[in-house]
2 protein chains.
Amino acid sequence: MDRRTATIQDVARVAGVSTATVSRTLSKPAVVTKATRDAVLSAVAETGYRVNTTASNLRRQRTGSVIVLLPNIANPFFAQILAGLSSVLTPAEYGMLIADTQSGPDADARLAHYLASGQADGLVLLDGTLSAEVLASPARPPIVMACEWMGSTLPSVRVENARGGALAVGHLAELGHRRIGHVTGPPDNVLTQTRLAGFSDALRALGLPQNPAWVLEGDFTMDSGAAAARARLALTDRPTGLFLSSDEMATGFIGEVQRAGLNVPGDVSVVGFDNIEIAQHLAPGLTTIRQPRTQIGVRAAELLLTMIESNSRDAPSEIIAVELIRRGSAGPPPG
Amino acid sequence: MDRRTATIQDVARVAGVSTATVSRTLSKPAVVTKATRDAVLSAVAETGYRVNTTASNLRRQRTGSVIVLLPNIANPFFAQILAGLSSVLTPAEYGMLIADTQSGPDADARLAHYLASGQADGLVLLDGTLSAEVLASPARPPIVMACEWMGSTLPSVRVENARGGALAVGHLAELGHRRIGHVTGPPDNVLTQTRLAGFSDALRALGLPQNPAWVLEGDFTMDSGAAAARARLALTDRPTGLFLSSDEMATGFIGEVQRAGLNVPGDVSVVGFDNIEIAQHLAPGLTTIRQPRTQIGVRAAELLLTMIESNSRDAPSEIIAVELIRRGSAGPPPG
DNA sequence: CTGAAAGCGCTAACAA
DNA sequence: TTGTTAGCGCTTTCAG
């Protein structure tokens, strides 16, 4: 029993065939006779051989992995997208490398690094704040965006963010609200802008008032949602219903409102965005816009694999539908 | 301008040196003269050369990546551990491959696969339900467990799970509770068992009653926490304070209690485990046992890198302290 | 259907 | 300090 791991040479020797035949048997079994196939497979079993992926990759001029670039791994929002990606990449024998653009100093530089490094056969971008110029890299691998991105023409999988904002406003209006506010994500984020646009357009279409004081700035976190709740309380002229651009913010908002002794939806109605798991477990349940994150990951991975396998840098983008989920956090306005 | 990416040969030609010198310049710049260094570096810039990691890895008999094996990527609990791992692995130039043991049919087989495949220089295990025999693999790379694991002697980074259970019980007892219950994780999980043991031992030490009906089975999810709340309501003889083995369950529990029109902590006190982000945003805030997840990831990665670099399969394990975080969800018992 | 042989791009002895 | 050389382990023509 060697302690070193067996190589294809060892298998060839044991099976009494050439290394080429071993390689063939393993990659296209149909092309060798049953006799040699049996000999090779039993030699493989005997030696405990496993192909050395590094060598195989070098020879085949590929890497066997895909890099997923996201702004912040610690954000649970991405966890389900990763699960979707993994469920496609793993069976296809691609490794999934995770890289965090916020952990280093310069996110754009990191992206440029990954583009040029040739360390992956493809890239999935989940960060909508990277600058477009970086993509100029001539030898870059196929890329799929799984998020909105300013003025990019890259293949992408996106959700109907604007329509989500409109659905939220429509629901609040239907319940009788006429003073509808919004808590945004970070201002430079494209999601923020798209959802805000959907919100504003819907108000306009419904002939409802647009009050800039009712549009509060957040950053998608629970903390910023709680801060928005305090900011709203400080207003003399308050919106009765709010659309928040993420469920995390909505959660922080509701918590803070309740701690202030007020009632949701009695005093203020809340609609979130995402439908994260906790939405149905809050009291009241959080009315929100569902965005199917696992499916986003699945479709992005499928798109990318198609591009990799067809050696193309382009593919049709895809838009995934959102849906209003009615729970208890939005009700008729007070009075 | 070639469309193919430049190789070390191209750089050598442009700089008028050998490939060995190029390689040296890039890996140990100190060992070449300034003149050649300058020549090489400008040739690198001119050609846009980047080392081919696959070739480098093949030559150096390493893979440059670490596999992180976790039960379920979609579980946000792991997100912060991943962030900690990434913050150490990325600067050290190791790729972080994520693999999900629950996405395939047989988790043990997956582990065995990764152990033998030689696709990684090291492994981080976050799944405490894998069977120990699989580790028999002779040529396996260094492994660090970042979770409890039955009867394993592998190097590990763990938290004081039993003490966490004891802290929770101690706190409830201090507030005056004498009827203290517990909601467990999945029964076969070692975390479940350790926290349950800490819970039971603490009750015994304090001379408090142990009622099997007050120990409800959960599975760490919010859904199971909500179910536990309903199960508690169905009891005629109810515990006044509960320790739940995860914050997610505690969140689901509190939501369900509130939807039933009861008050936390007025009617029932709740202590969770983890200190996930939402804990401070619930109303009331969730009293819980803090477990520093980023730090777990950081230490696990550091341990693993040490082992990889010293080519050792062993290292001292580490225990990370937990801490009671007092918020509003635990108060004096009713009456 | 199978084997021989030529590298993929890089690094590390070893020599000079 | 630098160059020469020999592979790392694999796949894939190209012959046979």
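What's counted below: heavy atoms across the whole structure, side chains too, no hydrogens, waters or symmetry copies. Note on naming: letters A, B, ... go to the chains in the order of the sequence lines (proteins, then strands), and numbering restarts at 1 for each one.
Following rounding to the nearest Å, A:Lys34 (NZ) and C:dT2 (P) show an atom-to-atom distance of 13 Å. Residue B:Arg50 contributes atom CZ, which lies 12 Å from atom P of C:dC10 at whole-angstrom precision. Whole-Å rounding puts the B:Asn57 CG to C:dG9 P distance at 15 Å. Look at CG on A:Leu26: it is 8 Å from P on D:dT11, rounded to the nearest Å. Following rounding to the nearest Å, A:Leu58 (CG) and D:dT12 (C1') show an atom-to-atom distance of 13 Å. The CZ-C1' distance, from B:Arg62 to D:dG9, rounds to 17 Å in whole Å.
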**Asked** How would nucleotides 11-16 of chain C be written as a contact map, 5' to 3', with B for base contact, S for sugar-phosphate-only contact and - for no contact, using protein heavy atoms under 4.0 Å?
**Response** BBB---

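Under a 3.5 Å cut-off, the side chain of A:Asp121 and the backbone N or O of A:Val66 do not form any donor-acceptor pair. Checked by atom type and distance alone, the side chain of B:Asn57 never pairs as donor or acceptor with a backbone atom of B:Thr54 at under 3.5 Å. Under the 3.5 Å distance criterion, the side-chain polar atoms of B:Thr90 are left unmatched by any main-chain donor or acceptor of B:Ser87. In terms of modelled atom types and a separation under 3.5 Å, the side chain of A:Arg158 and the main chain of A:Ser317 share no donor-acceptor contact. Under the 3.5 Å distance criterion, the side-chain polar atoms of A:Ser27 are matched with a main-chain donor or acceptor of A:Ser23.
Residue A:Asn52 has its side chain nearest to D:dC10 when only D:dC10, D:dT1, C:dG9 are considered. Among the nucleotides D:dT4, C:dC1, C:dC10, the one closest to any side-chain atom of B:Ser18 is D:dT4.
Applying the 4.0 Å criterion to OP1 and OP2 of C:dT2, one finds that A:Thr33 has a side-chain N or O inside that range. In terms of phosphate contacts, B:Thr36 brings a side-chain nitrogen or oxygen within less than 4.0 Å of OP1 or OP2 of D:dT2. For C:dG9, neither phosphate oxygen OP1 nor OP2 lies less than 4.0 angstrom from any side-chain nitrogen or oxygen of B:Thr7. Dashed line: the shortest gap from a side-chain N or O of B:Gln9 to OP1 or OP2 of C:dC10 is not under 4.0 Å.
Comparing the axis of the opening five pairs of the helix from C:dC1-D:dG16 to C:dA16-D:dT1 with that of the closing five pairs yields an angle of 30°, rounded to 10°.
Under the 3.5 Å distance criterion, with hydrogens and angles disregarded, a donor-acceptor pair is assigned to the side chains of A:Thr21 and A:Ser18.
Here A:Thr54 lies out of heavy-atom contact (under 4.0 Å) with every strand.
Summarising the geometry of A:Thr19 relative to A:Ala12, their closest heavy-atom pair is N-CB, 3.8 Å, with the distance given to 0.1 Å. Minimum heavy-atom separation, A:Pro292 to A:Ala321: CD-O, 3.7 Å.
For residues 22-43 of chain B, every residue pair satisfying the salt bridge (charged side-chain N to carboxylate O under 4.0 Å, His left out) rule, not counting sequence neighbours, is listed here: B:Lys34-B:Asp38.
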